[in-house]
Amino acid sequence: MRKQIAAANWKMNLTLAQGEKLMDEILATTFNMGANQQAIFAVPFPYLLTMQQKTVTQKNFFCAAQNCAAQKSGAYTGETSAEMLNSIRVEYVIIGHSERREYYNETDTILAKKVNIALENNVKPIFCCGEPLAIRETETQNVHIEEQLKAGLFHLSAAQIENFIIAYEPIWAIGTGRTASSAQAQEMHAHIRAVLSTKYGAAIADTISILYGGSVKAANAAEIFAEPDVDGGLVGGASLIPVEFTSIIQSLKK
Ligand code: PEP
């Protein structure tokens with residue numbers, strides 16, 4: 001069975017002390033997670049080593065960076081390379097979050113480079129795609145998502161794409177309290193899997209975990225995650241509240 005994943009995106013929130021308290025509270029919970037279930041914490045760069053040391057002893061728990069540089073190394077002040085992430089054994093990196101695309105002008109070309117450099121350094125990308133409200137309103141979201149997937153991923157080989165994580169995050173649902181219905185999520189996730197299977201075949205498309213992101217919380221997680229093509233969630237706001245995120249982890253399919 002595909003991995004079922006609850007991924008927390010702390011974004012630019014919390015001090016180190018607040019982050020440690022949150023992580024310690026979550027890790028103190030008994031989850032009885034299955035072999036196919038994971039919780040991933042995308043924390044701010046300065047906390048990665050501390051949080052990685054907390055999760056490394058916990059089966060099924062991992063850390064992620066929220067971004068990485070498109071370049072290998074060198075004179076890029078303020079950037080963090082995928083090689084650096086790998087050197088502290090960070091397993092995952094979010095690439096292409098809509099906030100990075102919008103506020104930091106990360107184009108499809110830049111994102112494809114980031115995907116490549118992450119894979120070269122054994123850091124697994126959590127690749128985000130999603131449409132703005134204007135696209136949803138004209139019902140052209142399927143084409144929009146297909147274009148993002150083709151531009152960001154279709155240069156990869158089948159071996160590289162296997163066990164990839166994709167997050168579908170409709171921009172109109174991020175941090176807005178407005179959630180896609182479980183039917184809307186399922187429809188898009190099935191579309192994403194169909195797009196992937198045109199390039200890589202159904203068997204490989206079937207191995208790829210597709211997370212839903214956009215105002216997931218304890219109250220709606222189980223319903224959304226129950227959809228057959230939804231393999232968990234990428235969670236912003238609710239991941240900062242221990243009781244919310246523990247419940248979201250507990251809502252993953254077994
Ligand atoms: C996100 O930023 O990835 C996200 C889904 O945020 P929120 O859960 O707050 O909508």
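For clarity, every value in this text was computed on a predicted model and none was experimentally measured. Indexing begins at 1, ligand by ligand and atom by atom, following the structure's order.
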I'd like to check whether [X] has a polar contact with ligand 1, where a contact means an N/O of the residue lying under 3.5 Å from an N/O of the ligand.
| X | answer |
| --- | --- |
| Gly213 | no |
| Thr176 | no |
| Gly237 | yes |

Practice item. Answer with yes or no after comparing the ring centroid distance for Phe41 and Tyr47 against a 6.0 Å cut-off, counting only values under it. Key: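 Ring centroids of Phe41 and Tyr47 are no less than 6.0 Å from each other.
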Review point. Is NZ or CZ of Lys253 both nearer than 6.0 Å to the six-membered ring centre of Phe225 and within 45° of the ring axis?
Key: no
Nearest-contact summary for [atom] - protein heavy atom, Å:
| atom | value |
| --- | --- |
| atom 2 (O) of ligand 1 | Lys11 NZ, 2.5 Å |
| atom 5 (C) of ligand 1 | Glu169 OE2, 3.1 Å |
| atom 1 (C) of ligand 1 | His97 NE2, 3.3 Å |
| atom 8 (O) of ligand 1 | Gly236 N, 2.8 Å |

**Study point:** Backbone of Arg100 reached by a side-chain donor or acceptor of Glu106 within 3.5 Å
**Key:** no
Review point. Checking Thr246 side chain against Ile26 main chain: does a donor-acceptor pair fall under 3.5 Å?
Key: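 No; judged by distance alone, with no hydrogens or angles, the pair does not exist.
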Practice item. Closest by any non-hydrogen atom to atom 10 (O) of ligand 1: pick that one out of Ala42, Ala238, Gly175. Key: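 Heavy atom nearest to atom 10 (O) of ligand 1 belongs to Gly175.
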Exercise for review: Mind running salt bridge (charged side-chain N to carboxylate O under 4.0 Å, His left out) on Arg101 and Asp108 for me, showing each step along the way?
Suggested key: CA-CA 9 Å; Arg101 290 177 189 259; Asp108 289 332; 3.2 Å; yes
Practice item. Quick one: sort the Phe62 and Tyr92 rings into parallel, tilted or perpendicular, breaks at 30° and 60°. Key: perpendicular
Practice item. Take Thr198 and Glu146 through the side-chain contact (heavy atoms from CB on, under 4.5 Å) test and state the conclusion after the steps. Key: CA-CA 11 Å; Thr198 60; Glu146 191 168 340; over 6 Å; no
**Study point:** Proximal ligand 1 atoms for Ala173, defined as those under 4.0 Å from one of its heavy atoms
**Key:**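 What qualifies from ligand 1 is 10 (O).
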Exercise for review: Mind checking whether Ala167 contacts ligand 1 via backbone (N, CA, C, O), side chain (CB onward), both or neither, at a 4.0 Å heavy-atom cut-off?
Suggested key: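 For Ala167, no heavy atom sits under 4.0 Å from ligand 1.
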Review point. Which bit of Asn9 is near ligand 1, meaning a heavy atom under 4.0 Å away: side chain, backbone, both or neither?
Key: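 For Asn9, only side-chain atoms sit under 4.0 Å from ligand 1.
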